[in-house]
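Report on the following structure.
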Amino acid sequence: MRLLVVEDDHVLADGLVAGLRIAGFTVDQVATLEDARHALAGIAYAALVLDLMLPDGSGLDLVAEQRRRHNQVPILLLTARDQVADRVAGLDCGADDYLGKPFELDELAARLRALMRRSDGRAEAQLQVQGLCLFPAERRAVYLDRELSLSRREYAVLLALAERPGRVLAKSDLEDRLYGWGEEIESNAVEVHIHHLRAKLGRGFIETLRGIGYRIRPEEGRSCR
């Protein structure tokens, strides 16, 4: 789950990036509206965390622009303002949620997961597919009643595939989800993660469609424990 954080306070921005990465997100960060516009034009982010007051304008302007362009990326506003009118203005402008400063990182991560579930049309906190149960809030994976031990990026690959069972995800789609700016991507990184997942799930669980990408077969999941 790749996020864009737009925050000009460097100390807060560094804390947000570090905390959200620990929570399992891939995070890019910018400090201005102009840089945010460039980032959003090139990458399909899972969610946007947006400060309301930025050096080159109001975050509400960016919200309005993205909605006029029919970009439905979930947007969570961060701001020190605590007046009802400010919260109403942000939500009416097209933002999806609002969190006042100071805040707890655990709450921010939970709100982001909820926004992304709604964006995907899901109500349940866990995902189930073909005997696999994923619990994103805890970064747990259970397959056929067996707890799996997965690295952060192995979990991210599995979550990306499980969110859309049956849909083929290209290698480039998985790379965009796994790696943020400044992170070196080895040419065979995705293949290595898929290999490790197959060792834990069985070779037939993840299919390779040569020249296209990877998918999990869309079969009915079992109950999670």
| task | Quickly, which of R215, R177, R113 forms a salt bridge (charged side-chain N to carboxylate O under 4.0 Å, His left out) with E163? Name it, please. | result | R177
| request: Could you walk me through whether Y214 and H193 pass the side chain to side chain contact (heavy atoms under 4.5 Å, CB included) test, one step at a time? | output: CA-CA 12 Å; Y214 306 92; H193 297 317; over 6 Å; no
| Reported CD-to-CD distance for the pair Q66 and Q72, which is rounded to 0.5 angstrom | 10.0 Å
| request: Give the intermediate values and the outcome of side chain to side chain contact (heavy atoms under 4.5 Å, CB included) for residues R198 and I194. | output: CA-CA 6 Å; R198 283 175 172 152; I194 295 290; 3.6 Å; yes
| task | Give a yes or no on whether E138 atom CD has more than 12 heavy-atom contacts from other residues, nucleotides or ligands under 6.0 Å away. | result | yes
| query | Between atom CD of Q29 and atom CG of L4, what is the distance when rounded to the nearest 0.5 Å? | reply | 8.5 Å
| field | Contact summary for L76 and Y98, nearest pair of heavy atoms | value | CG-N, 4.5 Å
| remark: In short, salt bridge (charged side-chain N to carboxylate O under 4.0 Å, His left out) pairs touching residues 3-12 with sequence neighbours left out are E7-K101
| Going hydrophobic residue to hydrophobic residue with side-chain gaps under 4.5 angstrom, can you get from L91 over to L112? | no
| same_hphob_cluster(I75, I43) at 4.5 Å side-chain heavy-atom cutoff | yes
| field | D97 (side chain) donor-acceptor with R111 (main chain) under 3.5 angstrom | value | no
| message | Please give me the minimum heavy-atom distance between Y155 and R140, naming the atom from each residue. | response | OH-O, 3.0 Å
| query | Among the clusters formed by ILVMFWY side chains lying less than 4.5 Å apart, do V27 and F103 turn up in the same one? | reply | yes
| field | V157 and L169, any side-chain heavy atoms less than 4.5 Å apart | value | no
Determine all donor-acceptor pairs shorter than 3.5 Å in which one atom belongs to a side chain in residues 10-20; sequence neighbours excluded.
none

| Spacing of CD belonging to Q126 relative to CZ belonging to R117, to within rounding of 0.5 Å | 9.0 Å
| message | If I take atom OH from residue Y45 and atom OG1 from residue T26, how far apart are they, to the nearest 0.5 angstrom? | response | 10.5 Å
| request: Measure the spacing between CD of E65 and CZ of R37 and express it to the nearest 0.5 Å. | output: 4.0 Å
| field | Exercise: identify the closest heavy-atom pair between A141 and L150 | value | CB-CD1, 3.7 Å
| query | Do I216 and L209 belong to the same hydrophobic cluster, where Ile, Leu, Val, Met, Phe, Trp and Tyr are linked whenever their side-chain heavy atoms lie under 4.5 Å apart, directly or via other members? | reply | no
| In Å and rounded to the nearest 0.5 Å, what is the CG to NE2 distance from L158 to H196? | 14.0 Å
| request: Identify the two heavy atoms, one from L33 and one from G59, that lie closest to each other, and give their separation to 0.1 Å. | output: CD2-CA, 4.1 Å
| field | Single hit among V30, L40, L54 for side chain to side chain contact (heavy atoms under 4.5 Å, CB included) with D35 | value | V30
| Closest non-hydrogen atom pair between L159 and L127, with its separation | CD1-CD1, 3.8 Å
| request: Say whether E191 and H195, considering side chains only, have a donor N or O and an acceptor N or O under 3.5 Å apart. | output: no
| field | Side-chain donor or acceptor of D56 paired with backbone N/O of T32 under 3.5 Å | value | no
| task | Look at the side-chain heavy atoms of Ile, Leu, Val, Met, Phe, Trp and Tyr, link any pair under 4.5 Å apart, and say whether L105 and L115 land in one connected group. | result | yes
| task | Give a yes or no on whether the backbone of D176 and the side-chain of R2 come within a donor-acceptor separation of less than 3.5 Å. | result | yes
| What pair of heavy atoms forms the shortest contact from Q130 to Y143, and how long is it? | O-CE1, 3.4 Å
| Out of L52, L48, L77, which residue meets the side chain to side chain contact (heavy atoms under 4.5 Å, CB included) rule with V6? | L48
